[in-house]
2 protein chains.
Amino acid sequence: MEQTKDITIYDIAKAVDLSPATVSRALKDHPAISKKTKDKVTKLAAELGYRANNFASNLRMQRTHTIGIMVHELNSNFITSVIAGIESVTTAAQYDLIIAHSSESYIKEAANARNLFHKRVDGLIASLAYDTTDFTHFTPFERKGIPVIYFDRVETGIAGTKVVIDNEEAGFKAVEHLLQQGCKRIAHVTGNLKRNVYADRLKGHQRALAAAGINWNQSLLMENDLSEQASIDAAHAIAAMQPMPDAAFVTNDFCAAICMQTLKEKGIRIPQDIAFVGFNNDSVAKIVEPGLTTIHYAGFEMGKIVGKNMIDRLLHPGQSPIDTTITLQSDLIVRGSSLKKMV
Amino acid sequence: MEQTKDITIYDIAKAVDLSPATVSRALKDHPAISKKTKDKVTKLAAELGYRANNFASNLRMQRTHTIGIMVHELNSNFITSVIAGIESVTTAAQYDLIIAHSSESYIKEAANARNLFHKRVDGLIASLAYDTTDFTHFTPFERKGIPVIYFDRVETGIAGTKVVIDNEEAGFKAVEHLLQQGCKRIAHVTGNLKRNVYADRLKGHQRALAAAGINWNQSLLMENDLSEQASIDAAHAIAAMQPMPDAAFVTNDFCAAICMQTLKEKGIRIPQDIAFVGFNNDSVAKIVEPGLTTIHYAGFEMGKIVGKNMIDRLLHPGQSPIDTTITLQSDLIVRGSSLKKMV
DNA sequence: GGGACAGATGCAACCGATTGCATGACTTTT
DNA sequence: AAAAGTCATGCAATCGGTTGCATCTGTCCC
């Protein structure tokens, strides 16, 4: 543990007999510095194991070259692929990421926002927590002109660029597919309907029904927190309905899988007695039996778009429109859980 | 976008007619400052919306109050619960986390290490990538006396505190259970055997066999990358063995689930024809049919231990032993996939 | 009354990189 | 040959918080 002292530009300056200013410019490839000096400096910097002191630089520059990301949960294929997509763009532009997750709690989300604000991120990317209804934790960013981009879980009420999938269209596709399979009584199991993603999927469901001339039946709607226990409860509730629904659109794969399992234990057959469509194309969709028909959307692509937008905003402040919404399409992946006609 | 200027201690100092030094001390609750002054300063700071400038502080203090975490993948229950455990300890001690993930790639792991080193984290917590065999990216930390703690995926060869589960014991329990169910030919599907976790699980397997007087059969060992395709291939290989194994110990739940599914498609019954035990207690273990018997280990607890150790090292440098290994126990969770006797 | 001492506050020098402006050397133009 | 221009480099202030040491005020005691 022999605490080697850090090398600074002053050390390099002394060694090559130049001023720190020249060393700083040489390392930054400043045009006013001669090629010879640059070579000498960079060579020596490498030899001495120089590492730039970000604090000094940040303090002087008032920028951190860091982007904060706030997500509700890390434990999801979708989220991690969005992050990977963001990363692919931001690292190319020499920006770093700080990832904070809220465990779906508004309290933690607000705390994370404060923390990232104190860390002085240059930009913020956020997907809202399950129960976030208050958005004052974003106002400090707005006030300081720090760009904020929301993705997936957004709130239409607040300003900022938003990147989302067309949840309504996805919901429409899911239910349209079930209708084509001959289903008529379609249960809808979903998360907090105040959150745009769930509200829009429901709208899509209803629009598909309307297009087929079927009335929406409020008693088939189940709103819960998508936890394992809630999924089991939802399954029991479905089984108890008279008559039982002939299909269920569950807006989350894990919840759908648990529902299916619980129903199967009761001897109910899928898809014969009840068809299922999920949402997200999580790994469980492939594992559950029968395979779960679901909505797939390209997280990586979404991340790239989010990242590109953020970098644009950071490199050309004031140029890009601040309040646009970018909507991506998604695909229905058909597996056994919904195929009544082919059984 | 009206770029409000930031409040500094100098602004506060001017407002209360004191020196910046006194303001700094007052905000830090320094004992030399009178209660009255402290009250006045903190009140005004709150009113003006003062936020401390971490760079200035870090620059002066040569500490960042930040801990870096490097993991192979975020998309795992286990990893995210470990992170949550670490977080619970570190936030209480006023430390922040930066999470970097390597996507199981050594190249990215090394890049992340460099990046965290440049960010000057005060400590580093790491679980190694799948293919990491070179450890020179950790030497800069050692050289500067920055504490490094490894967890789960570790390497016995390198110095540093390590927190692991007893993989050998877990492997022993898994195979012992299969033997108790009457299995005699147990296949072993696993990841890179250079990685401690997989090597140790295999050792446990072999020890359990030895204890039962059964010889280890090398032809039943399959080492792969645990991907979906590799899992399918492994299942085909198992089905093709003559005679077919009567059990499989697969050291990863997702891989086990895919194997089971592939075999079932071939008409092979689980557990009657072949029993399965997995590893990790991932969400798929509950979803696959029959439910997957697996090894559960407490990620959150592991995270708390890792975090506590790190904080101890940071607060009392040189006091804690640097090269200890902490081993946690794990539990066998029995589900249908291994219960031959009760079928 | 004066010395000793505790308590509260200020001075000024850091920490390391950046940058507008000035300077000096050297070349080109008229 | 003098004026103008080009190129490379240095000076010194700046970003905002921290801290060893000095200073000042007031109290206590002999």
Side-chain angles (χ1 to χ4, degrees), chain A residues 3-42 44-45 48-66 94 96 117-122 144, chain B residues 3-42 44-46 48-66 94 96 117-120 122 144:
Chain A
Q3 300 290 3
T4 331
K5 183 86 169 30
D6 265 318
I7 305 293
T8 72
I9 53 169
Y10 295 88
D11 301 322
I12 299 179
K14 214 171 295 168
V16 295
D17 199 29
L18 285 168
S19 75
T22 304
V23 173
S24 172
R25 292 190 178 104
L27 289 171
K28 286 251 126 64
D29 205 21
H30 191 286
I33 305 296
S34 73
K35 176 94 168 56
K36 208 161 61 173
T37 304
K38 277 180 193 165
D39 288 349
K40 206 164 42 170
V41 168
T42 49
L44 198 74
L48 295 179
Y50 168 76
R51 62 169 172 165
N53 188 320
N54 286 328
F55 311 138
S57 171
N58 290 343
L59 174 59
R60 182 61 225 251
M61 309 277 280
Q62 307 281 43
R63 280 188 292 109
T64 59
H65 260 257
T66 301
Q94 303 258 32
D96 287 321
F117 187 66
H118 271 89
K119 279 206 151 36
R120 299 184 189 225
V121 295
D122 291 346
K144 288 215 62 72
Chain B
Q3 302 289 2
T4 331
K5 183 86 169 27
D6 266 318
I7 304 293
T8 72
I9 53 168
Y10 295 89
D11 300 322
I12 299 179
K14 214 171 294 166
V16 294
D17 198 29
L18 285 167
S19 75
T22 304
V23 173
S24 173
R25 291 191 178 104
L27 290 171
K28 286 252 128 62
D29 205 20
H30 191 285
I33 304 296
S34 72
K35 177 93 169 55
K36 208 160 62 173
T37 304
K38 277 180 191 165
D39 289 348
K40 206 163 43 170
V41 168
T42 48
L44 198 73
L48 295 179
Y50 168 76
R51 58 169 175 166
N53 188 319
N54 286 327
F55 312 137
S57 171
N58 290 341
L59 175 58
R60 183 58 224 249
M61 310 274 281
Q62 307 282 42
R63 281 187 293 108
T64 58
H65 261 257
T66 300
Q94 302 259 29
D96 286 322
F117 186 67
H118 270 89
K119 278 205 152 34
R120 300 184 187 225
D122 291 345
K144 287 214 63 70

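Here is how names work: the chains are called A, B, and so on, in the same order as the sequence lines, proteins then strands, and each is numbered from 1.
- Phosphate proximity of C:dG16 to A:Ser57: absent, as no side-chain N or O sits under 4.0 Å from OP1 or OP2.
- Contact check for A:Arg51 versus B:Arg120: side-chain heavy atoms found under the 4.5 Å cut-off.
- Rounded to whole Å, atom P of D:dT18 lies 13 Å from atom CD1 of B:Ile33.
- Residue A:Leu18 is in sugar-phosphate contact alone, with no base atom involved, counting any heavy-atom pair closer than 4.0 Å across all strands shown.
- When rounded to the nearest whole Å, the span between CG of A:Asn54 and C1' of C:dT18 equals 14 Å.
- In terms of heavy atoms, B:Ala13 sits closest to B:Ser19 at CB-C, 3.8 Å.
- Between A:Asn58 and A:Thr64, the side chains place no donor N or O within less than 3.5 Å of an acceptor N or O (distance only, hydrogens not considered).
- Put simply, NE2 on B:His30 is 12 Å from C1' on C:dG7, counting in whole angstrom units.
- If you take CG of B:Asp39 and C1' of C:dA8, they are 15 Å apart, rounded to a whole angstrom.
- DNA chain C is contacted by both B:Thr22 and A:Met61; B:Thr22 maps to the nucleotide lying nearer its 5′ end (nearest heavy atom per residue).
- Residue B:Ser24 places at least one side-chain N or O closer than 4.0 Å to OP1 or OP2 of D:dT18.
- A sub-4.0 Å separation between OP1 or OP2 of C:dT9 and a side-chain N or O of B:Ser19 is absent.
- With distances taken from any side-chain atom of B:Arg60 to the nucleotides C:dC11, C:dG16, D:dG16, the minimum falls on D:dG16.
- Between B:Leu59 atom CG and C:dG16 atom C1' the separation is 6 Å, expressed in whole Å.
- Rounding to whole angstrom units, CG of residue A:Asp29 and P of C:dT18 are separated by 13 Å.
- Of the N and O atoms on the side chains of B:Thr66 and B:Asp96, not one donor lies less than 3.5 Å from an acceptor on the other residue.
- Between the C1' atom of D:dC15 and the CD1 atom of B:Ile9 lies a distance of 12 Å, rounded to the nearest Å.
- In this structure, A:Tyr10 reaches the bases: a heavy-atom distance under 4.0 Å links it to at least one base atom across the strands shown.
- As rounded to whole Å, 15 Å separates atom P of D:dG16 from atom CG of B:Leu48.
- Residue side chain A:Arg25 reaches the base of D:dG10 through a donor-acceptor N/O pair under 3.5 Å, judged by distance alone.
- Taking for each of B:Thr37 and B:Gln62 the nucleotide of DNA chain C with the nearest heavy atom, the 5'-most of the two is the partner of B:Thr37.
- One N or O on the side chain of A:Asn54 and one on the backbone of B:His118 form a donor-acceptor pair closer than 3.5 Å.
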